[in-house]
Amino acid sequence: GRCQSITNRPVRQELHGRERALISGLFMEEFGAAAANDPKFQLMVDEVLKMIRREPATRRLLDRAVVQLTNDLPDRSREGG
């Protein structure tokens, strides 16, 4: 219901940020870090994310990639500082 969508909004925003970071990172690897400074770079990221999200199969691939990368991140809560 309505409460659930409000509660999940920050989670969705965090996931969206991770999706953008993944696509941006792949593009920076391909085109170089300097390309990320071009405003067209962000437009390209937005357009690719829209295309990926449109198709269920590619949406699932993106979801799995984000989960895998998130699971591979070090757990900062267990570090001493």
- Message: Quick check: do D63 and E19 have side-chain heavy atoms less than 4.5 Å from each other?
- Response: yes

[Y] reachable from [X] in the ILVMFWY side-chain graph, under 4.5 Å edges:
X   : Y   : result
V66 : L61 : no
L69 : V48 : yes
L26 : L43 : no

- Message: To check you understand the geometry: which heavy-atom pair defines the closest contact between T58 and I52, and what is its length?
- Response: OG1-O, 2.6 Å

- What's the shortest heavy-atom distance between L49 and H16, and which atoms?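 Smallest interatomic distance, heavy atoms only, reads CD1-CE1, 4.5 Å.
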
- Under the side chain to side chain contact (heavy atoms under 4.5 Å, CB included) test, residues paired with A36 that sit two or more places apart: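 Side chain to side chain contact (heavy atoms under 4.5 Å, CB included) check on A36 returns M28, F41.
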
- Message: Measuring from atom OG of S24 to atom CE of M44, what distance do you get when rounded to the nearest 0.5 angstrom?
- Response: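 Going from the OG atom of S24 to the CE atom of M44 covers 8.5 Å.
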
- Message: Holding to side-chain hydrogen bond (donor to acceptor under 3.5 Å, both in side chains), I want the full list of residues that pass it with E47, two or more places apart in sequence or in another chain.
- Response: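 E47: side-chain hydrogen bond (donor to acceptor under 3.5 Å, both in side chains) contacts with K50.
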
- Inter- and intrachain pairs under side-chain hydrogen bond (donor to acceptor under 3.5 Å, both in side chains), touching residues 30-44, at least two apart: R20-Q42

- Residues R18 and E14 bridged, charged N to O under 4.0 Å: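 Yes, this pair counts.
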
